[in-house]
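Below is one structure, written out as structure tokens, with a few remarks after it.
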Protein chains: 2
Amino acid sequence: MPKDRAPTRIQKKNRAAILEAALNVFSAHGFRGATVDQIATEAGLSKPNLLYYFPSKEAIHTALLSGLLEIWLAPLHDLDADGDPMEEILAYIRRKLEMSRDLPRESRLFANELVQGAPRIHESLSHDLKSLVDEKTAILTQWMDQGKIARLHPYHLIFSIWALTQHYADFDVQVRAILGDEDPFEGAEPFIDTLYRKLLTP
Amino acid sequence: MPKDRAPTRIQKKNRAAILEAALNVFSAHGFRGATVDQIATEAGLSKPNLLYYFPSKEAIHTALLSGLLEIWLAPLHDLDADGDPMEEILAYIRRKLEMSRDLPRESRLFANELVQGAPRIHESLSHDLKSLVDEKTAILTQWMDQGKIARLHPYHLIFSIWALTQHYADFDVQVRAILGDEDPFEGAEPFIDTLYRKLLTP
DNA sequence: TCTTGATTTGACCATCTGGTCAAACTCACG
DNA sequence: CGTGAGTTTGACCAGATGGTCAAATCAAGA
């Protein structure tokens with residue numbers, strides 16, 4: 001492990017390659033299903049070389065998850081209390097759906113973790129996620145009080161958005177098994193848009 | 001391995017115990033994350049004894065999945081073309097939500113498999129699942145043609161039901177991290193009911 | 001009770017896997 | 001160049017894991 005000095009050119013390149021490879025492998029096989037050798041090979045390194053950059057398999061996984069949690073929550077962060085309620089929510093949904101389409105590996109990484117009880121990110125869920133959600137549901141509730149959107153259980157409204165959008169990334173195989181050649185997102189976008197317009201109209 | 005004669009009392013009991021234990025372990029840790037020893041211990045057997053009843057870890061997993069697929073698809077099977085459209089669909093949704101509540105391990109078993117690309121049930125998805133869905137979406141389309149429910153993309157309508165209901169079982173930790181002590185299904189049932197009433201009303 | 005097939009287990013094996021280490025190699029810079 | 005820090009690797013290790021096997025034990029019908 002190099003000194004805590006500024007990272008060298010090689011360090012930057014290899015750390016990035018490792019995280020990229022780890023994202024592929026962890027998202028496809030889960031934490032236990034992934035092997036260090038597999039990640040190393042995919043990153044173009046030998047196993048000891050990989051372990052020169054990260055002290056353990058767990059450390060790679062942790063680095064990945066904490067780095068991604070930020071990206072993952074960004075769309076909700078952008079929900080603006082001062083914007084038009086319907087448009088703000090629909091924009092949030094669109095951003096989430098785009099993430100499902102453009103970052104399916106990231107979605108599956110979290111899905112893998114959550115389905116198995118989130119043993120490694122339970123902390124972040126109860127703190128970072130919970131507080132962000134509480135902050136944003138307060139805005140939703142306010143909009144409902146003002147009669148600008150239909151009155152609904154705000155937490156379940158958020159859950160429904162997560163469920164509907166991430167489904168396309170997490171259960172991609174199933175969706176494709178049924179749709180065949182049809183592009184899932186082609187139909188998903190208007191469907192979900194319609195759904196929330198109808199649901200949220202007071 | 002016993003003869004292909006009728007199973008003895010002990011065989012029945014032990015096979016059932018193994019499948020029950022395997023459901024616990026596979027749903028909590030995924031296929032690779034589960035160990036034969038863990039399953040055996042949870043079933044109250046020694047490892048060699050377990051392997052006397054099932055030839056391999058993979059065989060247990062396969063037996064579980066194929067046995068459960070039937071149960072899993074039953075609610076959709078019950079969707080009746082001759083019933084009242086809105087009530088039929090809402091009843092289907094209610095049954096799915098009940099399964100999320102009462103059979104969360106089964107839901108997570110499938111979720112684990114699907115998130116990782118369904119390497120062991122790809123076949124069943126493209127055949128059994130696909131054909132059942134095609135059969136039922138035909139009914140939905142017919143109802144839409146008759147103006148009895150709103151016109152929507154039938155496949156995505158089905159996906160949305162799966163996503164919204166299974167979310168509560170599959171991502172239970174996340175839901176509970178946010179809801180705290182509140183019972184997830186208490187709020188989910190009316191929320192989802194309202195959602196589909198609004199969505200499906202022409 | 002005796003016999004025979006069903007059941008159970010301790011000991012064992014090969015392989016996989018996360019991780020270590022000392023030695024070799026490479027690179028940037030004086 | 002030469003040198004020291006940074007980088008890479010082959011060989012290796014310990015523990016976990018899926019699976020085997022022969023021998024011991026048990027259960028039920030004749």
Side-chain angles (χ1 to χ4, degrees), chain A residues 1-65 112-113 116 119-120, chain B residues 1-65 112-113 116 119-120:
Chain A
M1 345 117 172
K3 296 279 151 71
D4 48 23
R5 211 172 295 178
T8 68
R9 176 182 57 87
I10 295 175
Q11 276 169 42
K12 263 191 223 169
K13 191 193 64 170
N14 282 346
R15 273 180 206 277
I18 290 168
L19 289 176
E20 169 71 15
L23 178 57
N24 276 334
V25 178
F26 281 135
S27 69
H29 304 290
F31 181 76
R32 285 223 38 192
T35 72
V36 175
D37 250 322
Q38 216 179 337
I39 298 171
T41 301
E42 192 143 334
L45 302 172
S46 65
K47 185 169 63 163
N49 198 8
L50 179 149
L51 289 167
Y52 169 73
Y53 290 101
F54 288 88
S56 68
K57 180 183 175 182
E58 178 112 26
I60 306 172
H61 194 252
T62 303
L64 247 193
L65 276 175
N112 258 305
E113 190 65 11
Q116 296 180 13
R120 280 167 283 270
Chain B
M1 342 113 177
K3 294 280 151 67
D4 49 21
R5 209 172 296 176
T8 69
R9 174 182 58 86
I10 295 175
Q11 275 169 42
K12 263 191 222 168
K13 191 193 63 168
N14 282 345
R15 273 181 207 276
I18 291 168
L19 289 175
E20 169 71 15
L23 178 57
N24 275 333
V25 178
F26 281 135
S27 68
H29 303 290
F31 181 76
R32 286 223 37 193
T35 73
V36 176
D37 250 321
Q38 215 179 340
I39 298 171
T41 301
E42 192 142 336
L45 301 172
S46 65
K47 186 169 63 164
N49 198 7
L50 179 148
L51 289 166
Y52 169 72
Y53 290 101
F54 288 89
S56 69
K57 180 183 174 181
E58 178 112 26
I60 305 172
H61 194 253
T62 303
L64 247 194
L65 276 174
N112 259 305
E113 189 66 12
Q116 296 180 12
R120 281 167 283 271

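Owing to the predicted nature of the structure, the values given are computational and were not obtained by experimental measurement. Order of the sequence lines sets the chain letters (A, B, ...), proteins ahead of strands, with each chain counted from 1.
- Nearest heavy-atom pair across B:F54 and B:A63 is CE2-CB, 3.9 Å.
- Between A:Q11 and D:dT7 there is a side-chain polar atom (N or O) within less than 4.0 angstrom of OP1 or OP2.
- Look at A:N14 and you won't find any side-chain N or O under 4.0 angstrom from OP1 or OP2 of D:dG6.
- With hydrogens and angles left out, the side chain of B:K57 and the base of D:dG19 share no donor-acceptor pair within 3.5 Å.
- Stacking of A:R32 on the aromatic ring of B:F31 is not recorded, the 6.0 Å distance cut-off and the 45° axial limit not both being met.
- Rounded to a whole Å, the CZ atom of A:F54 is 15 Å from the C1' atom of D:dT7.
- Distances shown here put a side-chain N or O of B:S46 below 4.0 Å from the OP1 or OP2 atom of C:dT9.
- Atoms NZ (A:K13) and P (D:dG6) sit 17 Å apart, rounded to a whole Å.
- Atom CD1 of A:I10 is separated from atom P of C:dC29 by 11 Å (rounded to the nearest Å).
- Contact check, A:R32 against D:dT17: a side-chain N or O comes under 4.0 Å of OP1 or OP2.
- At whole-Å resolution of the value, CG in A:D37 and P in C:dG19 are 12 Å apart.
- OP1 or OP2 of D:dG6 has not a single side-chain nitrogen or oxygen of A:Y53 nearer than 4.0 Å.
- Taking side-chain N and O atoms only, A:T35 has no distance below 4.0 Å to OP1 or OP2 of C:dC16.
- Within the nucleic acid shown, B:A59 has no heavy atom closer than 4.0 Å to any nucleic acid atom.
- Of the candidates A:L19, A:L23, A:L50, A:I39 forms a side-chain contact (heavy atoms from CB on, under 4.5 Å) with just one, namely A:L50.
- The side chain of A:R9 contributes an N or O atom lying less than 4.0 Å from OP1 or OP2 of C:dA28.
- Which of D:dT7, C:dT8, D:dT9 sits closest to the side chain of A:Y52 comes down to D:dT7.
- The side chain of B:N49 places an N or O atom within less than 4.0 Å of a non-bridging phosphate oxygen (OP1 or OP2) of C:dT9.
- Atom CD in B:E113 sits 5.5 Å away from atom CG in B:L65 (nearest 0.5 Å).
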